[in-house]
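Let me begin by presenting the structure, written as structure tokens, before commenting on it.
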Amino acid sequence: MSAPTELLNVQIDGVWYQFKKGTRVIEACAQAGKFIPHYCYHPKLSSPGNCRMCLIEMGMPKTGPDRKPELGADGKPVISWIPRPQISCAQDITEGMGVRTDSSLVRECRHGVMEFLLINHPLDCPICDQAGECHLQEYSVEYGTAGSRFLEEKVKKPKRVELGPRVTLDDERCILCSRCIRFMKEIAHDDVLGFASRGSHTYLTAHPGKRLDSNYSLNTVDICPVGALTSTDFRFKMRVWFLKETKSICTSCATGCNTIVGSRENVIYRQTPRENDAVNSAWMCDYGRLNIHYVNSPDRLKFPQVREAQGLANVSWKTALAKAGEELKQFQRNSVAVVASAKMTNEELWLTKKLIDSLGTVYHDVVPRAGQADQLLMSADRNPNTLGAQLFGITSEYPGSKLREMTEKIASGEIRAVVALGEDLTQIGLAESDLKKLTALIVVGILPNETTRNASVLLPACAFSEKRGTMINIKGRLQRLNHATLAPGEARDDWEIIRDLLQQLTGSNGIYLIDDVFKEIAETIPEMTGLSFGRIGDHGVQLVEESEDAQPVAMTV
Amino acid sequence: MIITIVVSLAKAIGLIFLIILPMVSYTVYAERRVSAMIQDRIGPNRVGIPLTLFGFPKDIPFYGLVQPIADAVKLLLKEDFTPAHVNKLYYWLAPACAMAPSMMALAVIPFGSQLWGEPMVVANVDVGVLWVFAVSSLGVYGIVLAGWSSNSKYPFLGGIRSSSQMISYELSLALSVIPIFMVCGTLNLPDIVKYQIDHGWLISPIWIKGISLFPPGINFQEIWRSIDILKIILWIPLFISFIVFVISMFAETNRLPFDLPEAETELVGGYHTEYSSMKFALFFLGEYAAMIAGAAVIVTLFFGAWHVPFLPTTLHNPYTVWGVLLGLIHITAFFVKVALLLFFFIWVRWTLPRFRYDQLMRLGWYFFIEIALVNVFIVAIILPFVPK
Amino acid sequence: MAYTISRPKLNFAEKVYLPAIITGLGITIRHFINIVTGKTKVTMQYPEEKWDKKLPPYYRGAPTLVKDEYGRERCVACQLCEFICPPRAITIHAGEIPEKDRWRKVEKFPKEFEIDMIRCIYCGLCEEVCPEQAIFLRKDYAITGLTRQEMVHNKEKLYELGGVMTGLVYKWNDKK
């Protein structure tokens, strides 16, 4: 009768299952398809068991006088039920355990807990940003009552508290689940939050003299089951039920955290982490999360432009591309340089490589962006796709090593034309006067800068949320970007622009869809053999073994 | 000679433009108002003099009497669309063919006694009624041409229906008036009117002659003399004539119990489905003009035309104010009678449902022709016994 | 399968139609006379005669925003009406009430509130869904304009139409 050591028999709602030893009861129930409402329990955090929402009926095998479990008619242990309800989140399963998730006692307990939780809740859903994704709302519908029997004054607590630069707290809404406290302590290792006072006057606050200013503070907003912690950035901007959720990845560093982009009518309102244990667990940093607003900038480049006597003039795409092709054709090889970006997708980089080959130049590189790595998610490499640029041969093992030579040759006039793909040349040490010396400066970009102002042909492109494509993160994982919003004005997908530039030089190449580009990559690059956008899936594919110098992701899973 | 032409022209133009065309448009208006009232509605009562267009604070509503002008302006300003697949010449000809005959038919109608000694009939010709039949039967060409030249299914079916219907009912129409010619002994319409003034309206069995309002007086001897048993017997076939004639006229003018050519439920718009703007308006107005012409013929044949009972028919000196006034009263009387008949037409339209096509043809060929024919023989038998 | 419908046997009077026709003519002329003599009155002459005074309290005219007798704008920009609106006529941009304001505890207010009256279908779902008793369909039914822009009611226009509503639930008053 005894199961293998690692598997334990558990009876859930009358059916026997086997689970791995060490599974928490609430997780076992979830695996058996029985949902148990919970607030304080979070799969990535420890279990304090303080919300009492996950109460269930539990039983242990009845032992006979011989100290052995009594077996029933079906050969399974007879369970003797504990008369009081137990919490399911802080309890590991044991052999022969019995669980009832939907008995009348359990239902009554949930009913009572909901009523208690709502006693001091302000019920200001109309102004609460959490409304629509609030567990209090959801469980009220599912397990609560329509009215309240509480007639006394509700406890007043601090409202509109600035816990940190990016988080606003409403203590009246807090149900004291302590998820945020545990997150800051266990994951962010920055123990700044805690409870003060006693009883129903308990409230969440930062420890004296401390602020919630960690780079991971907004994760507390995500895990807050109610509307107590809200993002100052997203506060009152848009109701969550309007947001179109698009699975994407963060492009602010080489980690490539999986995200959900929340947009409505072509405006991005927020970016939240998406669970992927191979990359970012369930978290992301505030820096990457908030680095989305440039997408909606009114300064975005909207129309293709060509330099004329009076300056840059709006023209049609056809004219701009023809002009660009004409300008590129007149130069000898090696008098053209290509400054690409490691922020580009693999597809764009692949076409860029083809463009470089057809130009025949040896002067091509990407612009490196180095930053401070933390011990959590942020990578020192702030380019999201350096590995891709290396894989396709745009750059060498040391990104940016050719830039010095290039800038010197541009300054000396040896290089007379530059194709700048999404990068500002003044950032690599070129002065504006150097840019003015160039005979041709073809710029693909999304926001105006010194380089776009000096361009001879300016081609507006798409931001990360406006295109499909793939990127390879620092750990060698191929991940997918998805299309969430539309590009402003006449701006076009980068890969289309580069393909059209290529066509100006080499004629038609039979690439019509981004899938065609990826197919070509998958046929040529051995690491990507057999892959397609569909196969990459929402969670990405590990391409190469994790490289030596890659940042280990320090996550408690 | 020139004076005769000028006078005839004046009469024709005056009749058509001063009386008939306004009457046509107001018949359309009347149709809408009467139909509305029969259906417990109000009908077009809004369009008046649009003073607000000129900056005044309010319009003058005028009971909607300006509605026909608004309709005409609208129809004139609408896009005159000619479909690509039509036979252009006949397509353009058809509306004119539908409108003209009814106007021409009015030429022989005596619509008044006289003004300044001039008889109020455009053409005093001996063929009279025959002219009316001859010309009004040309109206079918308009419909047939429209149906055929539209080169489209519904108009085509509408045209076929219309032509066979009109041809069928022309027979009973013509046969039913033969007793009148037999009684009056003439085809000339002014003469028929004169007969009715002397012997009483053909619709009425008794004729009280001898009462006069102007100058006032009662002559009992004349009253006694005007009552005649044989005349009462003769009235029965004449009344049958009247019924057959009126019903046939409904069919001839495509009015409602017999409006098969444009049965909306079956044929969309019938023969004018492909028409728009003023060409459509011509069909529309042609239909009402035909109705007025028909009513005018009925009034002339059965209701004593312009004759008003108890009023003198002429004065010794028609050039005095009183003489002209009397002439105007007679003209008015004629058109009042026509208007009342038009009301009857409208009233019938908004009361009766449409016949089925086979019923319509059966009614025409099996009943009305036979009734009219028998009627001719009955009159022929009675007539020799009636003293002249 | 073909089957035969039994038709009624008609007597002579019915066969000649005439009695029925005359009865019909009688009916229609009676209606005609009744309306001419004013016995029947069914149509209201709209611009001259109006039924504004007889409008029932539940009449659904143009949607408007209201203030209460404390002068507080009731709307807190929860955007539920924007969500429920079947023709998507409503656009709301929310803002935060500054700390110094008398009604700071309400925290949220509509910075912009627009109802496109060309789109509005007067269904009243916005009023029904409003948790704050802020939007009401009042009795204005003749909403006209010469431009599309004029037909978009902005916040000022909506409050002008809505005015003050009393006798509501004042759930924010006793807070703090």
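Because the structure is a prediction, the values reported are computed rather than measured. Throughout, protein chains are lettered first and strands after them, A, B, ... in sequence-line order, and every chain is numbered starting at 1.
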(request) Please examine the side chains of L158(C) and E114(C), heavy atoms only from C-beta on, and report whether any two atoms are closer than 4.5 Å. (result) no

(message) Under a 3.5 Å cutoff, is there a donor and acceptor pairing between the side chains of Y357(B) and Q165(B)?
(response) no

(message) I'd like to know if the side chain of Y26(B) pairs up with that of Q67(B) as donor and acceptor (distance under 3.5 Å, no hydrogens or angles considered).
(response) no

(message) So for I27(C), is it side chain, backbone, both, or neither that comes closer than 4.5 Å to the heavy atoms of chain B?
(response) neither

(request) Answer with side chain, backbone, both or neither: which region of I38(B) has an atom nearer than 4.5 Å to a non-hydrogen atom of chain C? (result) both

(request) Using non-hydrogen atoms and a 4.5 Å limit, figure out which bit of W350(B) sits close to chain C: side chain, backbone, both or neither. (result) backbone

(message) Looking only at the side chains, is there a donor atom on one of E370(B) and W365(B) sitting less than 3.5 Å from an acceptor on the other?
(response) no

